[in-house]
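Have a look at the structure below before the remarks.
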Amino acid sequence: MAQETVLQVDNLKRYFDVSKPWLSRVLEGGGRQVVQAVDGVSFEISKGETFSLVGESGCGKSTVARLIVGLYPPTDGSIVFEGVSLSNPAERARHPEKQARMQMIFQDPYASLNPRWRVGDIIAEPIRFRKLLEGGAVKARVGELLEQVGLSARDAEKYPHEFSGGQRQRISIARALAGRPDFLVCDEPTSALDVSVQAQILNLMKELQASLNLTYLFISHNLAVVSHVSTKVGVMYLGRLVEWAETRTLFNRPKHPYTRMLLDAIPDLDMSGRARTPVAGEVPSPINPPSGCTFHTRCPFATERCRAEVPQALSVDGQNVACHAVEEGRLPEWRGLAA
Amino acid sequence: MVAQRLNAILDSDLWWSFTRSKVVVGAAIVTLLLFVAALIAPWISLQDPWDPGALQLINSRNPPVWIEGGTWEFPLGTDNQGRDMYSAILYGLRVSLVVGFLAVIFAMVLGILLGLASGYLGGMTDTVIMRVADVQLTFPAILIALLIGGIVRGVMTPADFEAVAVYVLVLSIGLSQWVQFARTVRGQTLVEKNKEYVQAARVIGLPARLIMLRHVLPNVMGPVLVIATINLAVAILTEATLSFLGVGVPATRPSLGTLIQIGNGFLFSGEWWIVIFPGITMAILVLAVNLLGDWLRDALNPKLR
Ligand SMILES: Nc1ncnc2c1ncn2[C@@H]1O[C@H](COP(=O)(O)OP(=O)(O)OP(=O)(O)O)[C@@H](O)[C@H]1O
Ligand code: SF4
Ligand SMILES: [Mg+2]
């Protein structure tokens with residue numbers, strides 16, 4: 001089956017200027033400071049897939065999510081969604097019908113719902129704004145959405161503070177679905193929830209994906225969650241995608257040294273009781289990232305070339321890796337998690 | 001539905017903190033009484049103090065009823081034109097409250113709109129609005145009143161000017177107060193706009209105008225109400241000051257401030273009641289509104305609770 005591409009991101013960049021104000025720069029010295037939050041990320045997502053982005057805090061996952069849904073304009077690069085380029089605010093403004101096909105679910109269930117609005121009005125907002133339905137039909141649809149996410153139609157009358165974190169996340173999902181999107185960006189949708197509730201929300205998202213044929217971009221720093229929900233996984237480090245592949249491939253034979261380090265550190269997927277290797281070293285600042293391969297400060301296989309030259313991604317056995325050691329064939333075989 | 005609303009109010013923290021303080025309940029009752037008195041002034045006053053035909057000079061400078069020479073016809077005495085002080089105070093209260101409310105509403109609407117735009121849109125819009133605010137702060141209400149009053153007086157006949165004097169006051173006092181609203185709203189907006197519910201609204205595709213009015217505004221109204229209450233007291237006082245200085249409402253339709261100004265001239269000739277009664281009314285009104293404002297500020301500020 002030829003798969004239809006939903007989202008195509010090419011060489012996406014977003015820099016944030018965090019310099020001090022001009023006057024204090026002149027008085028106290030010091031130049032411009034730029035955070036390279038996302039620095040040349042490319043990937044594709046096909047219809048019905050779940051593409052996950054993983055990486056340590058601050059590597060730019062949320063920024064990628066926000067660029068895709070248009071909360072930030074990209075500094076450079078292109079975003080093509082369902083065949084239409086949405087690479088800058090002007091293009092986005094020209095295609096509201098495409099913007100309507102994507103929605104986002106946020107991390108903090110306490111901040112993502114307006115505390116002064118009734119749940120019914122929160123969920124109905126996309127419907128009313130786009131005039132998808134009118135009058136009583138809106139109310140009926142809101143009730144249907146609430147039931148679809150496992151709440152009751154009567155909950156429409158309540159305010160967000162009357163719900164738990166997990167229930168609020170269900171309300172967020174209902175709002176996201178209200179405009180009948182095809183593509184959902186989920187930025188750590190479960191990381192603020194209790195473990196037991198996390199599983200329920202993830203299962204709900206999986207069910208909805210199957211019944212509504214949704215495509216997900218899923219962001220998490222929890223590899224156990226990622227292995228559970230994803231079709232493909234991309235590993236980010238300091239604003240770059242260092243490796244991406246089918247979930248099974250990535251977990252069974254990770255190639256990039258950073259991916260291996262992350263896998264070594266995950267708390268037991270299968271409760272085998274093996275010794276964990278904690279992630280070594282600190283993430284360098286994205287303000288002055290290391291030269292060449294930004295991972296060289298922590299990589300056991302780093303060479304002179306790694307310090308000088310940015311590794312380009314190459315495709316090896318259907319798996320994309322940006323690493324000189326892989327290219328040069330000097331990386332030892334992965335001995336697996338059980339080692 | 002109404003019963004439900006009422007229950008929600010009676011259950012709320014605000015109501016609880018309200019009933020806990022006798023002073024606040026007292027202030028609320030006094031404020032309410034004064035508002036009602038101003039509202040129904042034509043029905044509870046003894047004469048129409050704005051009708052020159054009803055005033056008789058023969059009745060001028062009558063003392064209050066409990067003093068030798070006083071009559072029940074003028075319980076609080078009369079002024080130099082034979083105006084019944086009790087009726088004049090009721091009507092004066094009306095003028096003072098109308099000017100105060102209109103000025104605060106004008107300042108509030110202007111401040112909210114500019115503060116929202118400044119905080120939400122940022123960039124040049126923010127810079128321009130905040131610089132204008134800085135400049136505005138260097139002009140006190142009195143100066144603005146003199147300025148606007150001067151211009152309007154220049155282009156209008158004195159009779160016409162009397163008719164619009166109230167609006168000149170409202171405009172001047174309002175202009176001197178909008179900055180405080182704008183700065184508070186801007187600060188709150190900066191906090192709210194980074195919250196995820198605002199970003200969710202952006203992803204839905206809502207234009208900035210709707211996000212500001214529907215999402216941000218309801219969440220910044222708490223502090224705005226506090227400022228509005230406290231500024232009502234300030235506006236009433238400013239109006240009195242301006243009227244006292246003779247740039248306020250005309251003496252034919254005196255506010256409390258105008259009455260105090262008129263009475264001031266008779267303080268040393270023995271007719272103290274012309275200034276004292278309007279003065280006391282003004283003091284009680286401002287004090288009660290201020291107490292309410294202070295309470296509201298503390299009650300709505302979770303950090304102080
Ligand atoms: N609006 C902004 N202004 C300045 N810097 C920003 C901004 N947003 C993000 N950054 C910086 O960009 C980098 C990437 O941030 P981002 O939020 O995308 O990381 P993340 O991978 O989502 O991390 P986390 O797991 O903590 O959510 C960080 O160094 C962050 O400080
Ligand atoms: S390019 Fe070099 S430093 Fe970077 S991950 Fe590969 S081996 Fe390590
Ligand atoms: Mg994040």
Side-chain angles (χ1 to χ4, degrees), chain A residues 62 65-72 89 92-93 95-118 121-130 132 157 159-160 168-169 171-179 181 183-189 192, chain B residues 1-9 11-14 112 116 119-127 130-131 134 185 188-225 300-302 305:
Chain A
S62 296
R66 280 148 195 261
L67 286 167
I68 289 170
V69 297
L71 287 172
Y72 295 143
R92 232 171 242 279
H95 295 285
E97 79 290 352
K98 287 296 168 197
Q99 179 75 42
R101 309 250 50 84
M102 57 168 86
Q103 268 305 319
M104 181 154 174
I105 298 168
F106 295 88
Q107 174 172 2
D108 183 354
Y110 292 88
S112 56
L113 306 174
N114 188 338
R116 314 237 162 217
W117 281 35
R118 281 177 205 277
D121 292 325
I122 292 176
I123 297 175
E125 189 169 34
I127 304 172
R128 295 202 174 114
F129 175 62
R130 294 225 175 72
L132 300 178
E157 292 303 316
Y159 284 94
R168 284 165 183 240
Q169 215 54 319
I171 298 168
S172 279
I173 294 173
R175 167 180 60 193
L177 295 178
F183 177 57
L184 288 189
V185 175
C186 317
D187 188 359
E188 313 219 18
Chain B
M1 203 59 196
V2 175
Q4 213 178 346
R5 276 280 161 87
L6 204 65
N7 262 330
I9 292 175
D11 266 350
S12 69
D13 296 350
L14 209 60
I112 286 176
L116 277 176
Y120 190 82
L121 302 176
M124 266 318 269
T125 318
D126 184 27
T127 312
M130 284 301 114
R131 283 306 82 75
D134 291 342
V185 169
Q188 286 289 111
T189 303
L190 287 177
V191 174
E192 295 298 320
K193 91 166 176 187
N194 285 321
K195 290 199 181 156
E196 290 176 345
Y197 74 88
V198 171
Q199 303 186 346
R202 286 178 58 197
V203 177
I204 289 170
L206 253 67
R209 172 178 47 89
L210 287 185
I211 296 178
M212 284 189 260
L213 294 180
R214 286 196 205 163
H215 287 281
V216 181
L217 181 57
N219 286 293
V220 305
M221 275 316 274
V224 167
L225 284 182
L300 289 181
N301 188 346
R305 244 193 264 162

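Within every chain, numbering begins at 1; the chains are lettered A, B, ... in the order of the sequence lines, protein sequences first and strands thereafter.
Under the ring-ring contact (aromatic ring centres under 6.0 Å, His included) criterion, A/F129 pairs with no residue at all, not counting sequence neighbours.
Residue A/R92: no heavy atom, backbone or side chain, is found under 4.5 Å from chain B. Looking at A/P126, both its backbone and its side chain come within 4.5 Å of chain B, counting heavy atoms on both sides. In this structure, chain B has heavy atoms under 4.5 Å from both the backbone and the side chain of A/L71.
Residues A/M104 and B/Q199 have side chains not in contact (no heavy-atom distance under 4.5 Å, counting atoms from C-beta outward). Side-chain atoms of B/I204 and A/Q99, non-hydrogen and from C-beta on, never get closer than 4.5 Å to each other. A/P160 has its side chain out of reach of B/Y197: every pair of non-hydrogen atoms, C-beta onward, lies at least 4.5 Å apart.
Among all heavy-atom pairs drawn from A/S112 and B/A200, the shortest one is O-CB, 4.5 Å.
The backbone N or O of A/D108 sits less than 3.5 Å from a side-chain atom of B/E196, completing a donor-acceptor pair.
The distance from atom CG of B/L206 to atom CZ of A/R128, rounded to the nearest 0.5 Å, is 12.5 Å.
If you tally non-hydrogen atom pairs under 4.5 Å between each of B/E192, B/R214, B/H215 and chain A, the highest count goes to B/H215.
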